[in-house]
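Below is one structure, written out as C-alpha cells, with a few remarks after it.
Quick caveat: nothing in here was measured; it's all calculated off a predicted structure. Here is how names work: the chains are called A, B, and so on, in the same order as the sequence lines, proteins then strands, and each is numbered from 1.
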Amino acid sequence: MSRRVAAVDRISAVLVGLALVAGGLLAIDWHHQIVLDLAQTVSAPDLPPTTDLEWWPWATGGAGLVLLLLALGWLWGHAPKGASPVVRLPSHQGRGQLSADLSSVASAAADAFQARAPVSGCRGAVHATRFGRMVDVTGHLEPHADLATVLEGASQTQREVTTAFPSGTVSCRVILNTPRTLRRGDRAGQTPRVR
Amino acid sequence: MSDATAPRARPVVGVVGVVLALALAGLGVVGLQELGVHLDWIGDPGWTSAAADWLDGARAATWTTVAAVAAILVGLAFLFSALKPRRRTHLPAGDLDTGSVWVSPQSLALLAKDAAERVPTVVTASATGTRRRLRVEVATTDAASAQSAVAAAVNERLAGVYPADRVVVSCQEPSQ
C-alpha cells in the first residue's frame, strides 16, 4: 500500500467518522428533542418529483459510474505491490543506459545471509522508501542462534548490497522473525529439556 | 540507525479504507441501477426513487436512536483507526552504518528460552516476548540459584539487543 493510499484512507476515515458521529447525534436529538427542536416528520415534497425528471437517471448513472471507478481504483491501491525492481545506474561515459534488477540482488542477498548465519527460510524483496529502494532480507532465527554471528552475517550482507550501489539509493534491511512453527501467541517453549 | 526503516504492522485504517471503498462501490451500483431501470434493463423500481419516496414523510422512531448509536460507535471506531499510529513489530539489533537489522520479540523469546534451558538446574523453560517485556518461566530443581543464573544466561544471550531490566524471570520448583 502506497503512502498516498494510506493518506486517503486516513483522511476518509476521519471525514466519514466525523460525519457518522455528527449524524448519529443529530438523529438522537431528532428523536428525543434534547437540543434542537426538529420536526418529527421529514418534509421534502420536491424530492420524489425530482427523481421522475428525465435527467435524474442519467445524473445518478453518471455519478454512479464515477463512484464505481473511484472505488475500484481505491481498492486496487490496497493490493500488495512491490516497488519496481529495476534501478538505473549512472553511466560514466554518458552513453547508453545501465539498469540493474534488484529482485535478483535481493534473492542473492537472502541466499548469502542464510549461508553465513544460523537462519532459515530467508527471502529477499524490494520496497520503495522516501530515500530510494530498500532490499528487504527476511529470515527465521534458529533457536540456538548466536546473535553476534547473526548480526555479523547481516552486516556483511548489507555491506555487499550497499557497496554494489555506491550512489546510496539502495539500502538493505534485515528482518528476523520466529520460525513458522512458533508464531505469535504461541509460547516459545515448554518443551522438556530432557525427554 | 534510521527509525524510518523500522518494520511496522499493517495500518488498522487500511481495513477502514477497504470498507469505505466497498461502500463507495455500493453507492455507484445504486446510481447505475437507477439508470438501468430508466433504460428498461432492469424491471424493478429505481432505488434512489424509492429512497426519495420513503424519505419524504419519514418519522423519528426507536429505530432512529438504535441506528444513531450504531453510527456513532462506527464513527468513533473510524476516528480511532485513523489516529492510531502503525505499531512497531520489531526491535533494533546492532548498530550498523550500512543498514538496519530488526528482530521480532518472539524470536528473542525463543533465544531466551534456549539460553534458560542450558542452565544446569532448569528442567523446562518457556518464554514470551513483547517489545516492552520478556518473561521467562522455568521449572527448576533449585529456584534460589536458578533465578540469577537464568537471568544472567538470558541477558548474556540477548546482550546489546534487549535491555536487561526488561527481562523478567520467574522460577518454580516442581511439587513432589
Side-chain angles (χ1 to χ4, degrees), chain A residues 1 6 9-10 12-14 16-18 20-21 23-25 27-28 30-31 40-42 44-45 47-48 51 57-58 60-61 63-65 67-68 70-72 74-75 78 130 141 143-145 147 151 154-155 158-159 162 171-178 182 184 187-190 192-193, chain B residues 5 7 11 13-14 16-18 20-21 24-25 27-28 30-32 34-35 38 48-49 52-53 55-60 64-65 67-68 71-72 74-76 78-79 81-82 90 93-94 96 98-104 106-107 109-111 113-114 117 122-128 161:
Chain A
M1 190 166 66
D9 284 352
R10 235 172 255 282
S12 306
V14 168
V16 174
L18 287 174
L20 284 171
V21 171
L25 291 173
I28 289 174
W30 179 36
H31 186 209
Q40 285 292 289
T41 304
V42 177
L47 198 56
T51 61
W58 294 101
T60 58
L65 187 63
L67 292 180
L68 198 59
L70 280 174
L72 290 177
W74 197 358
L75 285 173
H78 286 89
R130 272 180 285 183
L141 206 56
H144 60 272
L147 269 179
L151 293 178
S155 173
Q158 290 172 325
R159 265 198 302 277
T162 50
S171 58
C172 182
R173 178 174 72 168
V174 175
I175 299 173
L176 299 166
N177 291 317
T178 319
L182 285 168
R184 208 171 86 184
R187 293 176 75 81
Q190 293 195 326
R193 189 169 167 226
Chain B
T5 63
V13 76
V16 175
V18 170
L20 291 177
L24 199 66
L27 276 178
V30 169
L32 287 171
E34 186 75 33
L35 183 61
H38 179 71
T48 58
S49 307
D53 289 338
L55 189 63
D56 184 29
R59 290 184 61 82
T64 319
T65 305
I72 289 170
V74 172
L76 290 175
F78 281 13
L79 288 173
S81 73
H90 290 67
L96 307 170
T98 50
S100 57
V101 183
W102 301 89
V103 192
S104 73
Q106 295 82 26
S107 307
L110 199 68
L111 298 185
K113 172 197 168 268
D114 185 61
E117 283 183 338
V122 171
V123 181
T124 61
S126 66
T128 52
V161 178

Okay, Pro7(B) and chain A: the region with an atom under 4.5 Å from a heavy atom over there is both
Tell me, for Val16(B) versus chain A, whether the close heavy atoms (under 4.5 Å) come from the side chain, the backbone, both or neither.
side chain
Using non-hydrogen atoms only, which part of [X] is less than 4.5 Å away from chain B: side chain, backbone, both, or neither?
X: Leu72(A); value: neither
X: Ala145(A); value: both
X: His31(A); value: both

Take Leu24(B) and Leu70(A) through the side chain to side chain contact (heavy atoms under 4.5 Å, CB included) test and state the conclusion after the steps.
CA-CA 8 Å; Leu24(B) 199 66; Leu70(A) 280 174; 4.1 Å; yes
Taking only residues two or more places apart in sequence or in another chain, which ones pass side chain to side chain contact (heavy atoms under 4.5 Å, CB included) with Ala82(B)?
Arg10(A), Ala13(A), Val14(A), Val13(B)
Set of residues satisfying side chain to side chain contact (heavy atoms under 4.5 Å, CB included) with respect to His38(B), sequence neighbours excluded:
Glu54(A), Pro57(A), Trp58(A)
Among the options Val21(A), Leu18(A), Leu25(A), pick out the one with the most heavy-atom pairs lying under 4.5 Å from chain B.
Val21(A)
Pick from Ala25(B), Ser49(B), Gly31(B) with the largest number of heavy-atom pairs that fall under 4.5 Å of chain A
Gly31(B)
I'd like to know which of Pro11(B), Ala71(B), Ala67(B) tops the heavy-atom pair count under 4.5 Å against chain A.
Ala71(B)
Treating [X] as the side-chain partner and [Y] as the backbone partner, does any N or O pair qualify as donor plus acceptor under 3.5 Å?
X: Ser107(B); Y: Thr178(A); value: yes
X: Glu34(B); Y: Thr48(B); value: yes
X: Gln106(B); Y: Asn177(A); value: no

